[in-house]
J.: 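Starting off with a structure, shown below.
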Amino acid sequence: MTIVTRFAPSPTGYLHIGGARTALFNWLYARHTGGTFRLRIEDTDRERSTPAAIDAIIEGMGWLGLNWDGEVVHQFARAARHAEVAKQLIAQGHAYHCYASPEELEEMRSAQRAAGLPIRYDGRWRDRPVSDAKPNVPPVVRIKAPQTGETVIPDKVQGEVRFSNNVLDDFILLRSDGTPTYMLSVVVDDFDMGVTHVIRGDDHLTNAARQRQIIDAMGWPVPVYAHLPLLHGEDGQKLSKRHGALGIHEYKDLGYLPEAMRNYLLRLGWSHGDDEMISTEQAIEWFNLDNIGRSPARVDFKKLDNLNGHYMRNASDTVLAEGTLALLKSKGVAVSPDLPAKLVVAMPGLKERAKTLVELVEGAHYLVTARPLVLDDKAAKLLTPEARAILTGLVQALGATADWTASALDAATRGYAEQNALKLGAVAQPLRAALTGRSTSPGIFDVLAVLGRAESLARIADQARG
RNA sequence: GCCCCCAUCGUCUAGCGGUCUAGGACGUCGCCCUCUCACGGCGAAAACAGGGGUUCGAGUCCCCUUGGGGGCACCA
């Protein structure tokens, strides 16, 4: 049997981090098993679904590298098929028309609430003959769910979850306007698409019991379920606006790498012994449904930062330089013709000090600014009169260096410090301030080498003069 | 209110009855490396929610309590 998984978001907003993890798990499982991963847009809620949200989801999936197989299925386009199944259910006696008005149902619920009873449709139209139908009230179609016994959902994550059938009610299949509800649509689409494994958020666990009623009534095969515990915010509460970045697109803008994001999301609820750094290739090889944790996980941006730092250090200098350039341009920074090449050369020293692409841009500041440099406070404090004197001497010492390479400059600087009975730091820090305008930077000899003889000497002379 | 799920360091987790004086990672703190900041290396503090059982033996199994989360729509 070939395995078919799917990611089925409703396009009512951006692709959030929880949804991204669900998508990742589905994708990994399909890739691991050599199966198929489908994307289905659940847009049956016409009020809240927007084309912009569909674009955001697709863009997010693309950035994360989660490619799906086949065409994207738009659920609403299949409404006729869903309605057809509902009619079939009625014909088979598994569903019926209900003429109760929304107001009437709300009354019923508040009465149940007041009496401390479970809130559920009481089946008032379950066995009433069609002759009782109210003339001008368009009916909804409800499933005729079993009232006794229990429904068992075998779940790869949660185990066997049992629901007493008397807590399940006759939920709505078709609205009074004839459109299908989510509960019906998912089941029909999953069946028609041949979905074998339903991997989704925990919030659908109780829905599984309801959906099972439709599946059984139609005599369809029951998919393998895996309900993932939901993600929580850093404070343990449910994810919401105040937890900062929720949309996957925000992480792109914050300068995270998709491979780091995949690794991070993977470890949120899934484990492979003590392994932490797991490449996507390795993840595809190892991923399974058995090692999914059963408790909700909190997001931890510090860990994401650390992971991203690892991936950045291992990324190629040219790729990182391109990313930095793109960010620079998007910020409207003027890019000189020789910058791309300089960025690549400077990248080893830069990437070791950055955890995100955004930090990389910040670190590349010394390559982007033009003379005379504007120093930040800490750098300015380094340039005391003594320091300026040292810089003056340095212009001579460095200027006399035959070949402008990091190692030759290293030797020249150390020689200069020695001759003047100075610690290397006493020379290097003023030099750093003059060259970069900052108090921290990559190794100073590398900075000199990347900047080149003319530019370096000019920057040093600028600050020596004061 | 009713139903369902969950519970190991601050966080993510390993652990699938004895090998647990509970392991790894992030974060935190200290030391080393060192031209700064990082990276890297070494080390430290830090957890089985509580109470009952079962068992020769429980972090691992069962029950209760407590605490979180989810669901109970003509939303998905």
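Below, chain A is the first sequence line, B the second, and so on; all start at residue 1.
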J.: With respect to the side chain of A:Arg432, which nucleotide from B:U36, B:G40, B:C72 is positioned closest?
T.: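 Looking only at heavy atoms from C-beta outward on A:Arg432, the closest nucleotide is B:U36.
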J.: Within the 4.0 Å heavy-atom criterion, would you say A:Arg210 contacts the bases, only the backbone, or no part of the nucleic acid?
T.: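 Sugar-phosphate contact only.
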J.: Do the side-chain N or O atoms of A:Thr181 get closer than 4.0 angstrom to the phosphate oxygens (OP1, OP2) of B:C74?
T.: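 No, outside the criterion.
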J.: For a quick check, tell me whether the side chain of A:Asp203 and the base of B:G71 share a donor-acceptor pair closer than 3.5 Å.
T.: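 Flag unset: no donor-acceptor pair detected.
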J.: Report the residue (A:Pro296 or A:Phe445) whose heavy-atom-nearest nucleotide on RNA chain B is the more 5′ of the two.
T.: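 Residue closer to the 5' terminus by nearest nucleotide: A:Pro296.
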J.: Does B:A44 have a Watson-Crick or wobble mate here (both distances under 3.5 Å), and if so which one?
T.: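 B:A44 is paired, partner B:U28.
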J.: Would you say B:C35 has OP1 or OP2 under 4.0 Å from some side-chain N or O of A:Arg414?
T.: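 Answer is yes, contact under 4.0 Å.
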J.: Take atom C1' in B:G30 and the same atom in B:G71, then report the distance between them in whole Å.
T.: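 So the two C1' atoms sit 49 Å from each other.
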J.: Given B:A76, B:G71, B:C5, identify the nucleotide with an atom nearest to the side chain of A:Arg48.
T.: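 Shortest atom-to-atom distance from the side chain points to B:A76.
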J.: Establish whether the base of B:C6 is bridged to the side chain of A:Arg294 by a donor-acceptor pair shorter than 3.5 Å.
T.: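 Checked by distance alone, the answer is no.
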J.: Which part of the nucleic acid, if any, lies within contact of A:Ala433, taking any heavy atom under 4.0 Å across all strands shown: a base, the sugar-phosphate backbone alone, or nothing?
T.: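 Touches nothing.
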J.: Using a heavy-atom cut-off of 4.0 Å across all strands, would you classify A:His227 as base, sugar-phosphate, or nothing?
T.: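 Answer is nothing: A:His227 stays at 4.0 Å or more from every strand.
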J.: For A:Asn207, report the nucleic acid contact type (base, sugar-phosphate, nothing); a contact means any heavy atom under 4.0 Å.
T.: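 Base, at least one base atom sits under 4.0 Å.
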J.: Select one nucleotide: of B:C74, B:U36, B:A76, the one nearest the side-chain heavy atoms of A:Leu105.
T.: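 Nearest to the side-chain atoms of A:Leu105, counting from C-beta on, is B:C74.
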J.: When you compare B:A58 with B:C62, how far apart are their P atoms, in angstrom units rounded to a whole number?
T.: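 Here B:A58 and B:C62 have their P atoms 15 Å from each other.
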J.: Between A:Arg212 (side chain) and A:Val152 (backbone), is there a donor-acceptor pair under 3.5 Å?
T.: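 Flag set: sc A:Arg212 to bb A:Val152 pair under 3.5 Å.
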J.: Using a strict 4.0 Å threshold on nitrogen-to-oxygen distance, state whether A:Arg6 and A:Asp189 make a salt bridge.
T.: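 Looking at A:Arg6 and A:Asp189, the cut-off is not met.
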J.: Taking B:C56 as the reference, what is the distance to B:C61 when you measure between their C1' atoms (whole Å, please)?
T.: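 Between the two C1' atoms, the distance is 16 Å.
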J.: Taking only the P atom of each, what is the distance from B:A45 to B:A22 in whole angstrom?
T.: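 Pairwise P distance, B:A45 against B:A22, rounds to 11 Å.
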J.: Under 4.0 angstrom, heavy atoms only, what part of the nucleic acid is A:Glu352 near: base, sugar-phosphate, or nothing?
T.: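 Contact class for A:Glu352: base.
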J.: To the nearest angstrom, how far is A:Ile278 atom CD1 from B:U13 atom P?
T.: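 Atom-to-atom, A:Ile278 to B:U13, this comes out as 12 Å.
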J.: As a test of reading the structure: which of B:A73, B:G40, B:U11 is closest to the side chain of A:His310, going by heavy atoms?
T.: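 Nearest to the side-chain atoms of A:His310, counting from C-beta on, is B:G40.
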J.: Nearest nucleotide by nearest heavy atom, which residue falls closer to the 5' end of RNA chain B, A:Ile119 or A:Ser295?
T.: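 Its nearest nucleotide lies further toward 5', so the answer is A:Ser295.
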J.: Within the modelled atom types, does a donor on one side and an acceptor on the other bring the side chain of A:Ser176 and the base of B:C74 under 3.5 Å apart?
T.: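 Indeed, a donor on one side and an acceptor on the other fall under 3.5 Å apart.
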J.: Starting at atom CZ of A:Phe7, determine the distance to atom P of B:A76, rounded to an integer number of angstrom.
T.: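 Nearest whole value for this atom pair: 16 Å.
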J.: Looking at every strand, decide which applies to A:Lys355 at a 4.0 Å heavy-atom threshold: base, sugar-phosphate, or nothing.
T.: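 Sugar-phosphate: the residue A:Lys355, judged by heavy atoms under 4.0 Å, touches backbone atoms but no base.
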J.: Under a 3.5 Å cut-off for both contacts, is B:U55 paired Watson-Crick or G-U wobble with anything, and if yes, with which nucleotide?
T.: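 Its partner: none found.
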J.: Quick test of your reading of the model: are A:Asp377 and A:Lys381 salt-bridged, counting only N-O distances below 4.0 Å?
T.: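 The answer is no: the pair does not qualify as a salt bridge.
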J.: Taking atom C1' in both B:A49 and B:A7, compute the distance separating them and give it to the nearest angstrom.
T.: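 It works out to 7 Å between them.
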J.: Would you indicate, yes or no, if B:C3 has its OP1 or OP2 atom less than 4.0 angstrom from a side-chain nitrogen or oxygen of A:Arg120?
T.: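 Checking A:Arg120 against B:C3: no side-chain N or O falls below 4.0 Å of OP1 or OP2.
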J.: What is the distance from CD of A:Glu276 to P of B:C26, rounded to the nearest Å?
T.: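 Nearest whole value for this atom pair: 7 Å.
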J.: Pairing check on B:C72: which nucleotide meets the Watson-Crick or G-U wobble criteria with it, both distances under 3.5 Å?
T.: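 B:C72 is paired, partner B:G1.
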J.: A:Asp274 has an atom CG; how far is it from atom C1' of B:G15, in whole Å?
T.: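 Whole-Å distance recorded here is 10 Å.
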J.: Describe the nucleic acid contact of A:Ser185 in one word from base, sugar-phosphate, nothing, applying a heavy-atom distance below 4.0 Å.
T.: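 Answer is nothing: A:Ser185 stays at 4.0 Å or more from every strand.
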J.: Is any side-chain heavy atom of A:Gln147 closer than 4.5 Å to one of A:Asn166?
T.: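 The answer is no, as the side chains (C-beta and beyond) never meet within the 4.5 Å cut-off.
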J.: Is there side-chain contact between A:Lys156 and A:Asp290, with heavy atoms separated by less than 4.5 Å?
T.: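 With C-beta onward as the side chain, the pair touches.
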J.: Base, sugar-phosphate or nothing for A:Met183? Non-hydrogen atoms, less than 4.0 Å.
T.: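 Base, at least one base atom sits under 4.0 Å.
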J.: Is A:Lys302 close enough to B:A25 that one of its side-chain N or O atoms is under 4.0 Å from OP1 or OP2 there?
T.: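 The answer is no; no side-chain N or O of A:Lys302 sits under 4.0 Å from OP1 or OP2.
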J.: Who is the Watson-Crick or G-U wobble partner of B:U19, with both distances under 3.5 Å?
T.: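 When the pairing criteria are applied, nothing turns out to pair with B:U19, so the answer is none.
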J.: In the structure shown, which nucleotide is the Watson-Crick or G-U wobble counterpart of B:C35, with both distances under 3.5 Å?
T.: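 B:C35 is paired with nothing.
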J.: Using a 4.0 Å heavy-atom cut-off across all strands, classify A:Gly349 as base, sugar-phosphate, or nothing.
T.: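 No contact.
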J.: Between A:Ile292 (CD1) and B:U13 (C1'), how many Å, whole number?
T.: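 It works out to 15 Å between those atoms.
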J.: Is the distance from OP1 or OP2 of B:A73 to the nearest side-chain N or O of A:Arg109 less than 4.0 Å?
T.: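 So the side chain of A:Arg109 is within the cut-off, an N or O lying under 4.0 Å from OP1 or OP2 of B:A73.
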J.: Report the distance from atom CG of A:Asn291 to atom P of B:G24, rounded to the nearest whole Å.
T.: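 To the nearest whole Å, that distance equals 20 Å.
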J.: How far, in whole Å, is B:G41 from B:C9 if one measures between their P atoms?
T.: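 Comparing P positions in B:C9 and B:G41 gives a spacing of 26 Å.
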J.: Looking for any heavy atom pair under 4.0 Å, which part of the strands does A:Pro442 touch: base, sugar-phosphate only, or nothing?
T.: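 Base: the residue A:Pro442, judged by heavy atoms under 4.0 Å, touches a nucleobase.
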J.: Let's test your reading of the model: under 3.5 Å, does the base of B:C12 pair with the side chain of A:Lys303 as donor and acceptor?
T.: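 A donor-acceptor contact between them is present.
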J.: May I ask you to say what A:Ser441 touches in the nucleic acid, namely base, sugar-phosphate or nothing, with a heavy-atom cut-off under 4.0 Å?
T.: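 The residue A:Ser441 makes base contact.
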J.: Remember a base hit wins even if backbone is also touched, and classify A:Thr440 as base, sugar-phosphate or nothing at under 4.0 Å, heavy atoms.
T.: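 Base, at least one base atom sits under 4.0 Å.
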J.: Looking at B:C12, B:C74, B:A76, which one has an atom nearest to any side-chain atom of A:Val140?
T.: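 In terms of side-chain proximity for A:Val140, the closest of B:C12, B:C74, B:A76 is B:C74.
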J.: Starting at CG of A:Leu398 and ending at P of B:C35, how long is that distance when rounded to a whole Å?
T.: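 Going from A:Leu398 (CG) to B:C35 (P), I get 16 Å.
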J.: For A:Leu230, which contact category applies under a 4.0 Å heavy-atom criterion: base, sugar-phosphate, or nothing?
T.: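 Result for A:Leu230 = sugar-phosphate.
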J.: On the ring face of A:Tyr366, is A:Arg438 found with NZ or CZ under 6.0 Å from the centre and within 45° of the axis?
T.: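 The answer is no, since A:Arg438 fails at least one limit relative to A:Tyr366.
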J.: Please report, rounded to the nearest Å, how far the C1' atom of B:A73 is from the CG atom of A:Asp45.
T.: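 After rounding, the gap between these two atoms is 11 Å.
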J.: Categorize A:Val161 for me: base, sugar-phosphate, or nothing, with a 4.0 angstrom heavy-atom threshold over every strand shown.
T.: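 Contact class for A:Val161: sugar-phosphate only.
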J.: Evaluate the salt bridge (Lys or Arg N to Asp or Glu O under 4.0 Å) criterion for residues A:Arg142 and A:Asp169: first the C-alpha distance (whole Å), next the side-chain angles of each, then the deciding distance (0.1 Å), finally the verdict.
T.: CA-CA 9 Å; A:Arg142 288 180 182 273; A:Asp169 65 357; 5.4 Å; no
J.: If the P atom of B:C20 is compared with that of B:G15, how far apart are they to the nearest Å?
T.: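 The answer is 14 Å between these two P atoms.
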J.: Salt bridge or not for A:Lys378 and A:Asp376, using N-O below 4.0 Å?
T.: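 Answer for the salt bridge query: no.
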J.: Do the side-chain N or O atoms of A:Asn306 get closer than 4.0 angstrom to the phosphate oxygens (OP1, OP2) of B:G27?
T.: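 So the side-chain polar atoms of A:Asn306 do come within 4.0 Å of the phosphate oxygens OP1 or OP2 of B:G27, strictly under.
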J.: Looking at the side chain of A:Ser271, which of B:G69, B:C35, B:U13 is the nearest nucleotide?
T.: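 In terms of side-chain proximity for A:Ser271, the closest of B:G69, B:C35, B:U13 is B:U13.
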J.: Angle between ring planes, A:Phe287 versus A:Tyr29, binned at 30° and 60°: parallel, tilted or perpendicular?
T.: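 Rings of A:Phe287 and A:Tyr29: perpendicular, over 60°.
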J.: Now, which nucleotide makes the Watson-Crick or G-U wobble pair with B:U60, with each of the two distances under 3.5 Å?
T.: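 B:U60 is unpaired by these criteria.
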J.: When you check the gap from the basic side-chain N to the acidic O, do A:Glu276 and A:Lys303 get nearer than 4.0 Å?
T.: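 Answer for the salt bridge query: yes.
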